[in-house]
There are 2 protein chains.
Amino acid sequence: MKLPTSTEWVLHCATTLAQLEPGATASAKQLAEYYDLPAPYLAKQLQALVRAGVLAATTGPRGGFRLARPATGITLLQLVEAVDGAAPPYECREIRQQGRGALPPEDCRDTCILARKMGEAHDVWRRHLDGTTVADIIAELPPTVPARTRSRMASTGGR
Amino acid sequence: MKLPTSTEWVLHCATTLAQLEPGATASAKQLAEYYDLPAPYLAKQLQALVRAGVLAATTGPRGGFRLARPATGITLLQLVEAVDGAAPPYECREIRQQGRGALPPEDCRDTCILARKMGEAHDVWRRHLDGTTVADIIAELPPTVPARTRSRMASTGGR
DNA sequence: GTATTCTTACTCGGATACACGGTGTCCGAGTAACTATGG
DNA sequence: CCATAGTTACTCGGACACCGTGTATCCGAGTAAGAATAC
């Protein structure tokens, strides 16, 4: 059970985008240089965020990515599931109904208890990540960080 | 983020072993037939449970696997981490300290907030799974199941 | 000076190779039960 | 009848291929800004 490496990338990129002035954009190349990441692959992940409706992309010069919503409406869960998918990690294949020990259908009315427990654990995981927004993250950063982020990001793009 | 398919296998196998009479064993072949699973690969996973100290194995005729502890002391988390490893799914590689946007060390005293949030989510997940024992699972099964399990398992082994 | 047209350079977007870990399989070492035998 | 030695068949345990998913990369379509030009 491993999350893609790119999960960390998009979490930080979204945090960075949220620190820019409203309406400002940052290109994939800018963000890649900002964190020393492979630009083409990072772009692929940002596209996934666009498909998920978390980011908005504009093409052409001065284009790039920006948040599709205010940072208060973007949770960590939305970012994680945009790159990793929303499929639960535990997949019940109903082996209790197969083989010599197959249970009769009347004992399988309810979902398998093991599957339910695993699903509940996944739910509490999701709820925890869904309870934190990008705005909450920024609020906990040292107060000097956002201004510096804007400054450095602007100088990169030759703005 | 996907758990191995074998996770379901070991959860059900542990539940089955817990339903046997104390001291009784079941071989990998028996369990494989019981759930219609590939026997050699299942054996590999059961060996992982032995290394984790959850199961105990005895060789020779009439040998096989049995629980290493009472079912009240075996949690779902121990089973899951035995086959999947205990490494957290989110790995922080400190990209905040790399590239053009690298933060100065004085702003990195505490662990990255994003890493902390992801770690907390993993913790609640682990705690939820650690709060349910194999004994709890059996207690929620229909009352007719354990006797049938013992019967079918015994007839398989030519006991 | 202003509006218009054209060029240009920059952006995203999807299609294409590579590598690692889970999946599936196999054969060998070890052991406990069973059998036959001798006392 | 009982103890003993030998045989046997069954078990786990680790080492060996295969495949799918994430990782990394590339090039093409589209667009908005900017410059040059005509009025």
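Remember, it's a predicted structure, so these values are computed and weren't measured experimentally. So that the names make sense, note that chain A is the first sequence line, chain B the second, and so on, each numbered from 1.
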In terms of hydrophobic clustering (I, L, V, M, F, W, Y; side-chain heavy atoms under 4.5 Å; direct or indirect links), are Val124(B) and Leu129(B) co-clustered?
no
Given dG22(C), dC12(D), dC12(C), identify the nucleotide with an atom nearest to the side chain of Pro4(B).
dG22(C)
Should Thr5(A) be listed as having a side-chain N or O under 4.0 Å from OP1 or OP2 of dT23(D)?
yes
Measure from the side-chain heavy atoms of Ser6(B) and tell me the nearest of dT23(C), dG13(C), dG13(D).
dT23(C)
For Ser27(A) and Met1(A), find the nucleotide of DNA chain C closest to each by heavy atoms; which residue's nucleotide sits nearer the 5' end?
Ser27(A)
Roughly how many Å is it from CD in Gln47(A) to P in dA15(C), rounded to a whole number?
11 Å
Rounded to whole angstrom units, what separation is found between the CD atom of Gln45(B) and the P atom of dG14(D)?
13 Å
Are any non-hydrogen side-chain atoms of Thr75(A) and Gln78(A) less than 4.5 angstrom apart?
yes
Atom CD of Glu91(A) and atom C1' of dT23(C) are separated, to the nearest Å, by 14 Å
Residue-phosphate contact under 4.0 Å: Arg51(A) side-chain N/O, dG14(C) OP1/OP2:
yes
Assuming nearest nucleotide by heavy-atom distance, tell me which of Lys29(B) and Pro40(B) is located more 5' along DNA chain D.
Lys29(B)
Whichever of Pro61(A) and Lys44(A) has the more 5' nearest nucleotide on DNA chain D, that residue is Lys44(A)
Are the side chains of Phe65(A) and Ser27(A) in touch, meaning some heavy atoms are under 4.5 Å apart?
no
Report yes if a side-chain nitrogen or oxygen of Tyr41(B) is closer than 4.0 Å to either non-bridging phosphate oxygen (OP1 or OP2) of dT25(C); otherwise report no.
no
Within the pair Thr59(A) and dG30(D), is there a side-chain N or O less than 4.0 Å away from OP1 or OP2?
no
pair His122(A)-His128(B): side-chain heavy atoms closer than 4.5 Å:
no
Starting at CG of Leu46(B) and ending at P of dG13(D), how long is that distance when rounded to a whole Å?
10 Å
For Ala28(A), report the nucleic acid contact type (base, sugar-phosphate, nothing); a contact means any heavy atom under 4.0 Å.
sugar-phosphate
Taken to the nearest whole Å, CG/Leu37(A) to P/dT23(D) is 12 Å
Check the distance between dT21(D)'s C1' and Leu3(A)'s CG and give it to me in whole angstrom.
14 Å
Round to a whole Å and report the spacing from CZ of Arg62(A) to P of dT8(C).
21 Å
Please state how far atom CG in Leu42(A) lies from atom P in dG14(C), giving the value in whole angstrom units.
16 Å
Verify whether one side chain among Gln30(B) and Tyr34(B) offers a donor that lies under 3.5 Å from an acceptor in the other.
no
